[in-house]
Amino acid sequence: DIPGNPATVTYNGDIYNHAELATLLRAAGHRYRTACDTETIVHAYEEWGDEAVQRFRGMFAFGLWDAARRRLLLVRDRLGIKPLYWARVGDQLLFASEIKAILASGLIEPRAREELLPELLSTRAVAGDSTLFHGVHKLPPGHLLTFEDGDVTVRSYWDLPIARRGRTVRRTTTAGVVEEFRARLEESIRLRLMADVPLGVFLSGGIDSSAIATLMSQMVDRPIQTFSVAFADRAYNELSYSRAVATAIGAEAHEVVIDDHDFFDALPKLIWHEDEPLA
């Protein structure tokens with residue numbers, strides 16, 4: 001909330017290109033009180049309105065209250081990395097990063113939507129904006145919601161690009177594709193090294209996490225912290241692979257080994273944290 005500013009934001013996530021946007025916004029006359037990405041959301045909204053989200057690169061879910069228009073804007077990042085739930089109760093709209101926070105209001109009765117169980121059990125997910133709780137919706141990835149004059153409007157601001165018939169497809173060599181992929185992956189990792197807290201990386205020893213950890217280790221000036229989790233049962237234990245990678249990149253490796261009892265004892269707490277079943 002900026003003094004003298006009619007917009008207030010509550011926010012979860014990271015806007016990776018906020019410094020670049022802040023330069024543009026200062027040049028346009030916006031005065032900053034901090035150097036954090038949260039403030040950039042407010043100034044960007046003042047400058048570009050709802051279209052500001054098109055300029056954000058990052059993972060985020062935020063709610064922005066425009067006091068002058070008495071209008072609420074909810075936004076979720078393009079791929080839905082950060083969760084965002086909402087519920088309409090009379091003339092009120094509740095929103096939160098967790099369903100349990102909405103239920104804690106006491107305005108929504110926690111009732112299961114049993115008709116969705118066949119879908120959940122067959123596809124291991126519930127499609128669209130539905131959740132397993134009556135009256136509670138999730139804002140889909142790449143969507144925004146506005147609540148104004150008692151009306152709720154949900155619309156898409158981004159979707160996966162699809163090659164259309166007649167569209168020119170750039171032809172290149174296998175080596176060129178590999179080079180471009182590596183450049184994009186390196187850029188993606190470099191952007192995510194922007195954080196206000198110490199950084200670590202989950203390392204399973206598989207191709208994806210090993211590539212990320214290796215490139216990350218080349219971008220920082222200290223040993224990276226890796227975290228690996230495995231079952232005590234050797235058939236489900238991949239620590240030999242994660243150890244090999246951690247050793248090769250000089251990481252400070254942290255390992256957690258759990259047995260069946262640990263896993264099943266933790267299930268009730270895990271389910272509470274997840275709000276809904278997680279395949």
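No hydrogens, no waters, no symmetry mates; every other heavy atom, side chains included, goes into these values.
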Aromatic plane relationship, F56 with F60 - under 30° parallel, 30 to 60° tilted, over 60° perpendicular: perpendicular
Validation row, ring centre H143 to ring centre Y157 under 6.0 Å: no
No-hydrogen, no-angle side-chain donor-acceptor test under 3.5 Å, Y32 and T40: yes
Cluster link F202 to I189, ILVMFWY, side chain under 4.5 Å: no
Main-chain N/O of A68 paired to D66 side chain as donor or acceptor, under 3.5 Å: yes
Single-linkage hydrophobic cluster V89~F147, side-chain heavy atoms < 4.5 angstrom: no
Side-chain donor/acceptor of E186 to backbone N/O of L215, under 3.5 Å: no
Shortest non-hydrogen contact between A246 and A253, atoms and distance: CB-CB, 3.9 Å
Y16 backbone acceptor or donor facing D14 side chain under 3.5 Å: no
Whether over 12 other heavy atoms sit under 6.0 Å from E179 CD: no
Pairing residues for R71 by the salt bridge (charged side-chain N to carboxylate O under 4.0 Å, His left out) criterion, not counting sequence neighbours: D50, E148
Heavy-atom pair with the smallest gap, counting every atom of I224 and S217: CG2-CA, 3.8 Å
Criterion side chain to side chain contact (heavy atoms under 4.5 Å, CB included) against Y45, the qualifying member of L73, V53, V9: L73
Exceeds 12 heavy-atom contacts within 6.0 angstrom, atom CD of E114: no
Under 3.5 Å: donor-acceptor pair, side chain of S209, backbone of S204: yes
R76 vs L144 side-chain heavy atoms within contact, under 4.5 Å: no
Any side-chain donor near an acceptor of the partner, S188 and R192, under 3.5 Å: yes
Close side-chain approach of L93 to L74, heavy-atom, < 4.5 Å: yes
Hphob cluster co-occupancy, L116 + V136, side-chain heavy atoms under 4.5 angstrom: no
Verdict with reasoning, F95 to L72, per side-chain contact (heavy atoms from CB on, under 4.5 Å): CA-CA 10 Å; F95 68 94; L72 175 67; 3.9 Å; yes
Transitive ILVMFWY side-chain link Y11 to L21, under 4.5 Å: yes
Close side-chain approach of T131 to H137, heavy-atom, < 4.5 Å: no
Donor + acceptor pair across side chains of D275, Y85 (<3.5 Å): no
Cationic tip of K138 above W86 ring, under 6.0 Å, 45° of axis: no
Heavy-atom side-chain proximity of L139 to V154 below 4.5 angstrom: yes
Residue pair I41 / F62, side-chain heavy-atom distance below 4.5 Å: yes
Minimum heavy-atom distance between G80 and P141, given as atom pair plus value: N-CB, 3.4 Å
Within-4.5 Å side-chain heavy-atom neighbours: F133 and R113: no
Any donor-acceptor N/O pair, D77 side chain to K82 backbone, under 3.5 Å: yes
Test log, rule side-chain contact (heavy atoms from CB on, under 4.5 Å), inputs L107 and Q92: CA-CA 10 Å; L107 299 174; Q92 301 178 78; 4.2 Å; yes
hydrophobic_cluster_shared for W272 and L103, side chain cutoff 4.5 Å: no
Atom CD1 of I207: over 12 foreign heavy atoms under 6.0 Å: no
Nearest atoms (heavy-atom pairs only) where S97 meets P83: O-CG, 3.4 Å
R243/E255 under salt bridge (charged side-chain N to carboxylate O under 4.0 Å, His left out): CA gap, chis, key distance, verdict: CA-CA 9 Å; R243 286 171 183 164; E255 298 176 354; 2.7 Å; yes
Heavy atoms from other residues, nucleotides or ligands near CZ of R26 exceed 12 (cutoff 6.0 Å): yes
Lys/Arg-Asp/Glu bridge criterion (N-O < 4.0 Å) met for E20, R57: no
Nearest heavy-atom neighbours spanning L185 and A211: CD2-CB, 4.5 Å
Atom of A213, atom of I249 and distance for their closest heavy-atom approach: O-CD1, 3.8 Å
Inter-residue atom distance E98.CD - L84.CG, 0.5 Å rounding: 12.0 Å
Aromatic ring pairing H254/F227, orientation class (parallel under 30°, perpendicular over 60°, tilted between): parallel
Approximate separation, where rounding is to 0.5 Å, of M216 CE and L193 CG: 5.5 Å
Heavy-atom donor-acceptor pair, T123 side chain to E119 backbone, under 3.5 Å: yes
Rounded distance [0.5 Å steps], CG in L203 versus CD in E238: 10.5 Å
Pairwise side-chain contact, L239 with S228, heavy-atom cut-off 4.5 Å (strictly under): yes
H43 versus E39, side-chain donor and acceptor atoms under 3.5 Å: yes
L120 side chain reached by R124 side chain, heavy atoms, under 4.5 Å: no
Separation of D233 CG from Y236 OH (nearest 0.5 Å): 6.5 Å
CG on L79 to CE on M59, rounded to 0.5 Å: 12.0 Å
Between CG on residue N237 and CD1 on residue I258, distance to nearest 0.5 Å: 10.5 Å
Distance-only donor-acceptor check, side chains E47 and H30, under 3.5 Å: yes
